[in-house]
Amino acid sequence: MSPSFRDYWRVGTRLGLRFCLNRPLVAAFLALAMVLLVASFIFRWVESDSEHPLWRTVVYSMSGLDVDPPHTTPGQTAAVVVLLTGVVFASFLTGYIASKFSRLFLMAQCVPHKPDHRVFENHVIFLGWNTKVRAILQELDNCYASAYQRRDQFVVVSSIDRLERGTAEIYGNVWHVWGKATDTDVMHKADLTDERGAGARIAVIIPDRDQVDGEQDRRSLLQLLAVEHLFPEVISIVELKCQENKPHFENAYADLIVEANSFSSELLAQTAEYPGLAQYMDKLVSSKQDSFSGRQQSVSVKFFSAGELDVAGLTFTEATLRCYERASVLPVGLFKEGGVALYPDLGLDHSERLLVREDCLVVVSGSGVTG
Amino acid sequence: MSAIFRDHIVICGWNPRGSQIVRKLLEVSSCPIVVVAQSTRNPIVEIGRLERVFVISGDCSSHKVLMEADVGHAKSVIVLADETLGQSADAKSVKVALAVERIQVTVHTIVELVDISNKSHFAWTKVDEVVAAEELSVKLTSRAISHILNQDQPGGPSVGYHTDRPSVLGVYCQLLGSSKASTQIVRLDLEWSRIKRLRFGDLLKIGIEHRMIPMALVGYQKHAIAARPEQPAWVSWKSEVYPNPPADKRIEELWPNWPSIEHPLGVLVLAEPETARSKGVDIFSGY
């Protein structure tokens with residue numbers, strides 16, 4: 001049996017009511033438009049003896065100003081309705097457009113939300129948003145020398161509504177996913193896992209400064225557990241505040257643990273005995289120098305193979321002298337089984353033997369040196 | 001009144017990192033250590049009664065207390081951040097640093113900073129070095145991220161990051177000697193008049209023959225502050241660290257204005273500490 005008109009009416013009414021309930025503002029806007037349209041037609045039909053009925057209708061709907069007021073009672077009634085609904089309609093429309101513009105302006109100052117349809121791969125995820133994360137992004141911006149390197153994408157997972165966007169160029173590749181870092185759906189939206197693509201490359205867990213050290217470590221540990229559970233292949237970097245919590249982070253399979261408090265304590269003590277050491281370490285870890293002498297002094301630790309440095313067939317000491325004479329690249333150690341050996345503690349077998357192409361050297365070099 | 005302590009290390013203030021600092025100082029230095037704290041209870045409870053460690057009770061910014069600690073004859077003064085003051089910790093550190101510098105401007109002062117944004121306030125003091133754990137955390141993390149990301153870029157280092165290979169973070173710790181390795185960076189003070197005509201390349205050759213790698217030079221740079229018209233400009237000499245200097249330039253060319261021949265040239269070398277301390281100066285000065 002084919003549906004009757006009553007069925008269509010019932011379905012249409014139900015759909016219309018659902019639409020109005022889901023989008024009340026749009027429904028109100030459309031209702032106003034309907035009333036304005038109907039009232040305008042009535043006004044035009046009733047006052048049709050005037051010279052320019054359509055123009056009169058438009059003027060009445062916007063301002064009510066007219067040199068030729070309506071003559072008939074229905075016409076006057078219709079004019080009042082047209083006037084009131086017209087003004088409300090116009091202000092509604094103006095306000096909506098203005099809010100869109102101001103939202104655009106505001107959003108230009110905020111980190112944009114990651115679109116759901118975009119899939120990121122091998123990107124970096126920051127869990128949390130605070131001054132430290134902003135400072136890390138600024139440091140990374142300083143590190144970037146080439147346009148190719150600027151293709152890395154960064155996703156910030158945070159339950160803060162709006163993340164203030166910095167002025168550095170790197171913010172062109174920074175996206176915001178709203179939510180808690182321990183929420184599985186949120187981490188899927190951030191493309192942590194390899195469900196849609198290759199998954200994230202690095203997950204960085206930075207604690208908030210507002211909490212006490214022990215509480216910071218507890219929260220970081222929870223986030224680390226969530227990340228490692230969802231995607232163990234990701235490289236997790238986590239900052240540790242209290243040294244005694246380190247075994248817990250190791251048990252949770254943190255890949256890299258930044259022990260800044262412990263490092264700074266060591267540095268304070270060593271610098272008291274060896275003045276200048278703190279300045280040197282600052283240059284070694286910084287990406288940008290603030291030397292008032294204007295010297296180009298940016299150095300960092302890098303790893304190169306002996307083949308890349310063209311020192312295969314030389315001993316370590318010969319390689320050091322050659323690399324430094326050529327390009328001010330200073331080899332300081334070698335990869336050995338179990339870790340890095342720094343000169344002169346290379347062991348007899350490594351200090352005397354000739355390097356092969358695959359040997360990996362630890363060097364201190366300027367930031368522009370790429371091998 | 002003659003000083004009780006000379007060439008010692010003074011720690012002004014106390015916080016949870018104090019005990020680690022004292023223990024490290026006992027390892028690397030043979031100098032006495034004087035701790036100045038508002039309450040002597042915390043230092044004594046945390047580090048116990050150790051030989052070469054002395055605790056004085058009092059306000060670190062007080063002239064009388066600092067004189068009692070013989071700051072004027074100290075080798076170095078470490079100003080620790082007072083974390084009980086929260087955001088005002090750095091303000092107190094500035095006070096203490098100024099009090100120390102007023103007693104003896106040439107003493108080597110190192111200040112622990114809490115808020116990185118306050119670093120600029122120390123630029124115009126005579127504080128020699130500033131260490132901020134927050135700043136180190138940011139820089140170490142960004143170095144670790146950059147190291148991992150750069151592996152895949154054209155022109156980046158060919159040795160990729162792998163979970164069973166040591167990380168760049170581990171290397172920084174090793175350079176500082178914070179792991180149990182036997183080599184670390186130490187400083188040697190060389191006479192300017194003996195060394196100024198050498199080149200860094202010469203120092204490198206000399207060092208390598210004796211199992212040391214010079215990594216940086218520590219010189220001085222004139223630092224002038226513009227004054228008001230009726231007053232002369234204030235001039236001071238700040239230490240300047242120059243890592244990886246050019247191999248072929250003479251050291252006197254790197255620092256054409258040297259304060260005076262009494263000021264030593266510092267060389268940071270990577271070596272076994274005992275070897276460097278016992279023979280390093282003679283080895284480099286002999287050329």
If only atom types and distance count, is the side chain of B:Glu129 paired as donor or acceptor with the main-chain N or O of A:Gln279 below 3.5 Å?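 Pair found, side chain donor or acceptor close to backbone of A:Gln279.
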Determine whether a donor-acceptor pair (N or O, by modelled atom type, separation under 3.5 Å) exists between the side chain of B:Arg143 and the backbone of A:Val285.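 Such a contact is found between B:Arg143 side chain and A:Val285 backbone.
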Contacting moiety of [X], where chain A heavy atoms sit under 4.5 Å:
X        : value
B:Pro245 : both
B:Leu169 : side chain
B:Asn244 : both

Assess the side chains of A:Ser264 and B:Glu112: does a donor N or O sit below 3.5 Å from an acceptor N or O?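 A:Ser264 vs B:Glu112: no donor-acceptor pair found between side chains.
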With a 3.5 Å cut-off and no angle check, do the side chains of B:Gln184 and A:Gln270 form a donor-acceptor pair?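 There is such a pair (donor and acceptor under 3.5 Å, judged by atom type) between the side chains of B:Gln184 and A:Gln270.
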Where does [X] contact chain B at under 4.5 Å (heavy atoms): side chain, backbone, both or neither?
X        : value
A:Val301 : both
A:Leu268 : both
A:Leu137 : neither
A:Leu277 : both
A:Val332 : both
A:Val124 : side chain

Most heavy-atom pairs under 4.5 angstrom with chain B, which of [options]?
options                                : answer
A:Ile237, A:Val364, A:Val362, A:Thr271 : A:Thr271
A:Ala272, A:Gly307, A:Ala260, A:Ala135 : A:Ala272
A:Ile257, A:Thr320, A:Leu321           : A:Leu321

May I ask you to say whether A:Glu273 pairs ionically with B:Arg187, meaning some side-chain N is under 4.0 Å from a carboxylate O?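 No salt bridge links A:Glu273 with B:Arg187.
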Quick one: sort the A:Phe303 and B:His147 rings into parallel, tilted or perpendicular, breaks at 30° and 60°.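 Taking B:His147 first and then A:Phe303, their aromatic rings stand perpendicular (interplane angle over 60°).
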Kindly determine whether A:Glu239 and B:Ser137 satisfy side chain to side chain donor-acceptor pair (under 3.5 Å), including the steps that lead there. CA-CA 7 Å; A:Glu239 186 189 344; B:Ser137 156; 3.0 Å; yes
